[in-house]
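What you see is a predicted model, and the numbers here were worked out from it, not measured in a lab. Order of listing sets the numbers, starting from 1, for every ligand and every atom in it.
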Amino acid sequence: MKIMKFGGTSVGRPERMHQVKDLITRGDEPKIVVLSALSGTTNALVGIGEALAAADRSLAKLRIEELHSHYLAFYPELLKTTEAREKAEAIIQEHFEFLNILLKISFNEAINRDILAQGELLSTKLFQTLLEELNIPSVFLVALDFMSIDENSEPELSKIAEKLTAILAQHPGERIFVTQGYICKNHRNEVDNLKRGGSDYTASLIAAAIQATACEIWTDIDGMHNNDPRVVDRTRPIAEMSFDEAAELAYFGAKILHPASIWPAQQFNVPVKLLNTMEPEAHGTLIKEKVETTGVKAIAAKDGITAIKIKSTRMLLAYGFLRKVFEIFEKYKTPIDMITTSEVAVSVTIDDLSHLSQILEELNQFGTVEVDQNQTIICIVGNLVSETKGVLKSVMDALLPYPVRMVSYGGSRHNVSVLLDSTYKKAALQSLNEGVFSWEN
Ligand code: ADP
Ligand code: ASP
Ligand code: MG
């Protein structure tokens, strides 16, 4: 059994949903089809939640109406028969009634997460209606029945596997299962989600849970490119890469994959394929355990980074200093991305600023603390980059015109990371694009 996940743009227009239908009905292998919300929907739902949080009901109402009209225009183009259209109308009615009820009750975070879940429920129900109209046998699975996260928002993989296996066993001989990406239940049994872009994570978790033959991520581009195509000109797709390389790129900003979406597939060695719904015959990117190619493969960038420097003469020749510093970040559940140290100072980067003021207050007891906001981590990824001659030189040459705040090299064998002010991001990425790939392979 394989997993086929389709992102927002792949289901965002009626004709695209028809293309998805064509893709999932090719070949005999049974598949679990994971769908995102129609493109733009989750952003719109975020907007509705924000309006309600700000107690601006008329704005929330307006945003609900706008989204509602989008769906009312969508379904007649998707479906032909009166029966299917009536069914779609009822589905849309049900979900928008739910949103409208929320206008009348007091708002809280749990309700916000309920709002965010509507997108994937709508897209999968509409898609299931299309399959029914075309007499394509399929089983509709509600992700809320098997996808769960614990109190630290970590997916409960063994529970997911147990529940999903039991559900699938109730449908022997079925070949197509349709379910929602992104949404799940939390430890309080409330509706929750796997964070923005989380449908990739759902696909990989399901792939791991059932030890699928492949996890296909169908999107709007022909695979992982060697640089961010939204920022840099002349990027190109990479035919294959290792799980480690892909995980690093996803974590450091390659939007094509959710940051955490590689580990579940990697744990069970399920190959991940990045494919283009609009160009299904394109090779795309194959992500697997081992690849032969060495040298720099791709570059990704993560914005919204804050660098914190703690300078202390007490660090000089002292042991235990780093532990004390790290304990503070641990206490506030704030992950650190990059670290560099000198004999008298340590710099770290974080992207979660929810506890910044408390962290800074506690760090102040160790020495002088300096904070730089609006930083970008640029991550240069490849197989064995730390053992390939000339990589660091080509990176530094390309970055010559820009002030580099931190460099991290040798922490892993497949990554060099640098930190600079976000104003230099575009120029630095473009310069790296021209400088570091020329001698590759
Ligand atoms: P989906 O809705 O299918 O999940 P996303 O928008 O989340 O699609 O991810 C695909 C987009 O990721 C591409 O359209 C592209 O703009 C962006 N992207 C960023 N970095 C990369 C990269 N290195 N390779 C390919 N795409 C990338
Ligand atoms: N619909 C969700 C989002 O826009 C999840 C996803 O598309 O992966 O973030
Ligand atoms: Mg995505």
Side-chain angles (χ1 to χ4, degrees), residues 4-13 16-17 19-20 23 34-47 49 67 113 115-124 143 147 179-184 192-206 215-239 241 245-262 272-279 282 284-285 287 296-303 378-382 425-426 429 432-433 437:
M4 298 178 82
K5 176 260 168 177
F6 294 87
T9 35
S10 302
V11 292
R13 292 212 219 122
R16 298 252 166 90
M17 266 205 186
Q19 259 171 300
V20 170
L23 289 169
V34 176
L35 301 186
S36 294
L38 314 196
S39 49
T41 296
T42 310
N43 285 345
L45 294 168
V46 168
L67 190 63
R113 291 190 294 262
I115 295 175
L116 295 177
Q118 301 308 304
E120 272 68 13
L121 290 167
L122 275 162
S123 66
T124 48
M147 286 298 298
T179 195
Q180 305 78 38
Y182 181 59
I183 63 172
C184 61
D192 210 319
N193 61 64
L194 301 174
K195 310 267 156 51
R196 296 306 306 272
S199 299
D200 304 328
Y201 203 11
T202 304
S204 178
L205 287 163
I206 293 180
C215 177
E216 298 180 353
I217 308 283
W218 290 84
T219 181
D220 59 358
I221 190 165
D222 55 347
M224 176 77 81
H225 277 221
N226 66 323
N227 211 325
D228 192 331
R230 295 165 302 175
V231 181
V232 169
D233 305 324
R234 296 182 298 280
T235 62
R236 54 188 166 74
I238 302 158
M241 57 174 45
E245 291 169 320
E248 207 97 50
L249 287 166
Y251 186 72
F252 285 106
K255 194 201 167 211
I256 186 166
L257 284 173
H258 176 282
S261 58
I262 289 297
V272 176
K273 295 177 192 168
L274 308 181
L275 296 159
N276 189 346
T277 308
M278 278 53 96
E279 211 188 313
T285 301
I287 303 166
V296 174
K297 215 162 276 175
I299 299 173
K302 188 171 170 183
D303 298 324
I378 295 184
C379 184
I380 297 113
V381 171
K425 170 186 159 177
K426 188 174 164 58
L429 281 180
L432 284 164
N433 209 44
F437 294 108

for atom 27 (C) of ligand 1, nearest protein heavy atom and its distance come out as P229 CD, 3.6 Å
What do you reckon, does G119 put a non-hydrogen atom under 4.0 Å from ligand 2? no
How long is the gap from CG on L205 to CG on L194, to the nearest 0.5 Å? 6.5 Å
CA sep, side-chain torsions, deciding dist, call: R236, N433, side chain to side chain donor-acceptor pair (under 3.5 Å): CA-CA 10 Å; R236 54 188 166 74; N433 209 44; over 6 Å; no
What protein heavy atom is closest to atom 6 (C) of ligand 2, reported as residue, atom name and distance in Å? S199 OG, 3.3 Å
Backbone, side chain, both or neither: what part of S199 comes under 4.0 angstrom of ligand 1, heavy atoms only? neither
Can an N or O of K5 be found at a distance shorter than 3.5 Å from an N or O of ligand 1? yes
Can you tell me which residue and heavy atom of the protein come closest to atom 4 (O) of ligand 2, and the distance to 0.1 Å? R196 NH2, 3.0 Å
Test D303 against every option in R230, K255, K425 by the salt bridge (charged side-chain N to carboxylate O under 4.0 Å, His left out) rule and name the one that passes. K425
Would you check whether G197 has a nitrogen or oxygen atom less than 3.5 angstrom from a nitrogen or oxygen atom of ligand 2? yes
Would you compute the distance between atom OG1 of T179 and atom CG of L35 and round it to the nearest 0.5 angstrom? 8.5 Å
Look at atom 9 (O) of ligand 1 and say which protein heavy atom is nearest, naming residue and atom and giving the distance to 0.1 Å. I256 CA, 3.5 Å
Flag side-chain contact, heavy atom, 4.5 Å: L67 against Q118: no
Part of N226 within contact of ligand 1 (heavy atoms, under 4.0 Å): neither
Please confirm whether G7 approaches ligand 2 to less than 4.0 Å, judged on its heavy atoms. no
Heteroatom proximity flag, G8 to ligand 1, N/O under 3.5 Å: yes
Selection from G7, A254, G197, G223 by shortest heavy-atom distance to atom 25 (C) of ligand 1: G223
S39 and T9: which non-hydrogen atoms are nearest, and at how many Å? CB-N, 3.9 Å
Check V34 against Q180 and note the closest heavy-atom contact, atom names and distance. CG1-C, 4.1 Å
Have a look at H258, H225, R196, K255 and point out the one with the heavy atom closest to atom 20 (N) of ligand 1. K255
Interatomic spacing from CD in E120 to SG in C184 - rounded to 0.5 Å: 11.0 Å
Under 3.5 Å side-chain donor-acceptor pair for N226 and R234: no
protein heavy-atom neighbour closest to atom 7 (O) of ligand 2 works out as S36 OG, 3.2 Å
Examine K302 relative to Y251 and say whether NZ or CZ is less than 6.0 Å from the centre of the six-membered ring and inside a 45° cone about the ring axis. yes
Give the minimum heavy-atom separation between A254 and A300, together with the two atoms involved. N-CB, 3.9 Å
Does ligand 1 come near enough to S10 that some N or O of the ligand is less than 3.5 Å from an N or O of the residue? no
Which option wins on minimum heavy-atom distance to atom 14 (O) of ligand 1: D220, N227, I221? D220
Using a strict cut-off of 4.0 Å, indicate which atoms of ligand 2 neighbour a heavy atom of E120. 1 (N), 2 (C), 5 (C)
Could you identify the single nearest non-hydrogen protein atom to atom 8 (O) of ligand 1 and state the distance to 0.1 Å? T219 OG1, 3.2 Å
